[in-house]
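In what follows, chains carry the letters A, B, and so on, assigned in the order in which the sequence lines appear, proteins first and then strands, with residues in each chain numbered from 1.
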Protein chains: 2
Amino acid sequence: MQTTVTLRDVARAAKVSVSTASRALAGGGLTSKSTEARLQRIAAELGYRPNTLARGLKTRSTRLVGLVVHNLTNASFRVLAEVVQRRLRAEGYQALLCITADDPEQEAETIETLADQRVDGLIICPTGHNGALLASLDASGTPVTCVVRRDETVELETVLAADPEGAYAGTRHLLELGHRRIGLIVGRQETTSGRERLSGYRRALEEAGIAFDPTLVHAGRYEPETGLAGCRQLLDRDDRPTALFAANHESALGVLRGLAERNIALPDDISLLCYEDVPGFAWQRPAISVVDSGANAMAELAADRLLQRLRPNAAPSAAGEYRIGARLIQRQSVRPVAH
Amino acid sequence: MQTTVTLRDVARAAKVSVSTASRALAGGGLTSKSTEARLQRIAAELGYRPNTLARGLKTRSTRLVGLVVHNLTNASFRVLAEVVQRRLRAEGYQALLCITADDPEQEAETIETLADQRVDGLIICPTGHNGALLASLDASGTPVTCVVRRDETVELETVLAADPEGAYAGTRHLLELGHRRIGLIVGRQETTSGRERLSGYRRALEEAGIAFDPTLVHAGRYEPETGLAGCRQLLDRDDRPTALFAANHESALGVLRGLAERNIALPDDISLLCYEDVPGFAWQRPAISVVDSGANAMAELAADRLLQRLRPNAAPSAAGEYRIGARLIQRQSVRPVAH
DNA sequence: CTTGCTTCCGCAAACGTTTGCGGAGCATGG
DNA sequence: CCATGCTCCGCAAACGTTTGCGGAAGCAAG
């Protein structure tokens with residue numbers, strides 16, 4: 001039961017006042033060079049570590065930022081958590097990781113808790129139901145940047161994937177290989193990403209002079225189960241699609257299973273393209289072609305933006321929107337259509 | 001720029017002293033029922049939220065616990081993060097997630113930072129190089145429980161997978177199907193899990209009266225590259241193994257790739273069993289048989305143990321060791337050996 | 001020797017809570 | 001009517017910092 005050593009102890013050992021000790025350790029040149037050095041030494045010898053609570057109470061700045069995501073299995077969120085954590089730490093911040101399971105209620109509770117903790121900032125993938133809460137946080141001096149998803153009810157700094165372009169590029173890739181009937185398994189249309197990925201798909205189709213067929217798209221949650229359901233539905237048609245475009249990596253897993261169920265071989269019998277890359281896709285067989293949504297870059301940018309606004313000369317929350325470009329990665333799961 | 005409402009404001013509005021306000025909101029029956037209700041109401045109306053910093057400073061208890069893992073891509077760590085976070089929150093704690101990349105230096109820094117934040121407890125997968133630091137934390141009243149890996153330099157509460165039994169069960173499963181040459185791809189022998197998984201493998205072999213052949217095992221980091229290298233090495237032998245046992249899910253990815261390189265079909269040409277389950281394995285084709293190391297249960301137990309020691313009537317750090325049983329899940333990637 | 005300027009440091013207040021101690025009010029029992 | 005006990009509340013100190021303000025030295029110039 002070590003009695004933790006406080007600033008008073010350091011000051012007493014150095015025979016100076018607490019204030020001098022504080023200033024010396026802060027090192028802003030507020031004390032003479034000699035006392036500064038001396039106190040640094042004594043503090044080190046005593047093993048002094050400042051109490052962040054007390055400091056935070058006084059300075060109104062814990063160096064904590066909240067990071068809230070839906071889960072950690074989704075690839076975007078996983079890399080988001082990893083790189084944000086790393087970037088923040090490099091700048092002396094700590095990440096407070098929270099998981100909402102995409103549930104507005106949990107999200108609200110989480111945000112409140114984080115506010116109570118007096119986090120300096122917040123990076124969040126919003127559900128879209130707590131805009132007011134977020135906005136008031138941001139307005140009251142705790143910068144909030146949204147990522148991956150946009151909360152449409154409110155104006156906040158947001159960094160997103162270039163989903164329309166990504167989906168466009170992906171379906172266009174399939175079209176160029178001769179595919180005409182392309183099944184799309186996409187996210188719920190209440191979400192930005194769901195809508196945008198669908199719209200990119202449509203645009204590519206229309207440009208190619210192909211009528212949009214709504215029965216070729218299956219929308220649902222980003223889970224393997226929707227992939228499976230969508231796959232079954234699409235495969236049951238008389239005019240079976242020659243290619244499938246799964247709009248996220250988890251639904252692609254379901255598609256894989258669905259194909260296996262019916263003994264449909266990839267890529268011989270059908271082509272599969274997937275939105276979002278994940279290590280397993282590169283390693284498995286056949287390797288899955290993807291359009292990489294740029295989760296890494298997105299995370300980096302989100303961290304950058306927030307850190308920017310965390311600096312002393314903070315610009316007053318510019319509610320900008322940033323887009324991260326997508327990138328097609330060709331592997332083995334798509335091939336030209338046979339005729 | 002809202003001026004945050006403090007306890008003083010509530011007290012003033014209710015025309016009582018700050019202390020009464022504090023007690024009323026705490027609700028321990030230290031005030032009359034009526035004032036308690038009245039203050040609850042007023043606090044709610046004013047939107048009062050207690051300042052956790054001030055509270056922590058006074059009570060010497062933030063309700064924060066550090067959670068430090070090597071990364072988030074490894075399945076064990078991912079579910080660890082998810083379930084620990086969930087369990088903690090259910091009890092009113094917040095998780096402070098840190099990532100060390102299995103680097104002792106980053107780990108040391110992380111631990112210090114967490115100590116500075118005055119976390120109430122720590123759940124950590126240790127590198128094994130900062131035992132002293134952890135032990136002193138634990139001794140000074142901040143319970144530390146290790147998970148997944150044991151820090152052998154020191155006595156701390158630890159919850160581990162039953163690796164020897166798991167590996168034993170897995171290779172035994174293969175043996176029962178007639179396999180005699182079983183290639184093992186395993187973790188570095190400096191880690192507990194690496195050694196224990198190897199020892200389980202050996203024991204099963206010896207029980208079956210098969211001589212242990214060190215050239216059949218390939219040890220390395222838990223990464224796809226290790227799996228690939230190991231796979232190549234094992235496949236280059238004249239007497240090629242009839243089954244492969246990949247001792248973690250990431251190396252299994254490498255094995256998959258290695259097999260594909262040489263056009264070796266699963267499970268017709270060779271069997272593959274994998275330690276650690278991961279959603280993709282169940283969905284992909286052929287579905288990979290695994291021995292599930294029980295990451296979920298491990299995480300639950302770790303959280304339980306720590307929470308237990310966090311309770312007021314805290315038992316003085318019992319440095320126990322807990323083991324989580326493994327479970328064989330048969331899917332499609334292993335089959336009886338052909339003769 | 002006084003004046004004025006610089007450099008360095010100490011005093012004390014403040015941040016927003018919690019909590020030991022004691023006091024006021026009131027009822028109860030002798 | 002007094003002693004006693006109980007219930008409820010306020011005073012003030014404390015947790016460990018940071019920081020505005022003022023004062024003590026030191027030194028140079030007049």
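- The 5' end of DNA chain D is approached more closely, in terms of each residue's nearest nucleotide, by T20(B) than by the other of T20(B) and R8(A).
- The residue among L57(B) and S19(B) whose nearest nucleotide of DNA chain C is located toward the 5' end is L57(B).
- When the nucleotides dG16(D), dA14(D), dC11(C) are ranked by their closest atom to the side chain of S17(A), dC11(C) comes out on top.
- In this structure, CZ of R49(B) is placed 15 Å from C1' of dT17(C), rounded to the nearest angstrom.
- Residue contacts shown for T35(B) are limited to sugar-phosphate atoms, with no base heavy atom under 4.0 Å away.
- Look at CD on E36(A): it is 14 Å from C1' on dT7(C), rounded to the nearest Å.
- Where S32(B) and V18(A) each meet DNA chain D at their nearest nucleotide, the meeting point lying more 5' is that of S32(B).
- Paired with D138(A) under the rule side chain to side chain contact (heavy atoms under 4.5 Å, CB included), one option of L133(A), L122(A), V144(A) passes, and it is V144(A).
- Distances were taken from every side-chain heavy atom of T31(B) (C-beta onward) to each of dT17(C), dC9(D), dA13(C); the shortest belongs to dC9(D).
- Nearest heavy atom pair, residue L97(B) against residue A81(B), reads CD1-CB, 4.4 Å.
- In this structure, L25(B) places its CG atom 12 Å from C1' of dT18(C), rounding to the nearest Å.
- In this structure, S22(A) reaches the bases: a heavy-atom distance under 4.0 Å links it to at least one base atom across the strands shown.
- Atom pair R12(B):CZ and dG16(C):P shows a separation of 11 Å (rounding to whole Å applied).
- Of all nucleotides listed (dA13(C), dC15(D), dT17(C)), dT17(C) comes nearest to the side chain of L7(B).
- Side-chain atoms of T59(B) and S61(B) include no donor-acceptor pair closer than 3.5 Å.
- The separation between R60(B) atom CZ and dT19(C) atom P is 12 Å, rounded to whole Å.
- Comparing dG16(C), dG20(D), dT18(D) by their nearest atom to the side chain of T59(A) picks out dT18(D).
- Between R23(A) atom CZ and dG16(D) atom C1' there is a gap of 16 Å when expressed in whole angstrom units.
- You won't find any donor-acceptor pair under 3.5 Å spanning the side chain of R118(B) and the base of dG16(D), going by distance alone.
- Put simply, CG on L53(B) is 13 Å from P on dT18(D), counting in whole angstrom units.
- Atom-to-atom, CG of L30(B) to P of dG20(C) comes out at 10 Å; the value is rounded to the nearest Å.
- Counted within 6.0 Å of CZ on R8(B), heavy atoms from surrounding residues, nucleotides or ligands total 12 or fewer; the atom is thus considered open.
- For the pair E91(A) and R311(A), the salt-bridge criterion is met [side-chain N within less than 4.0 Å of a carboxylate O].
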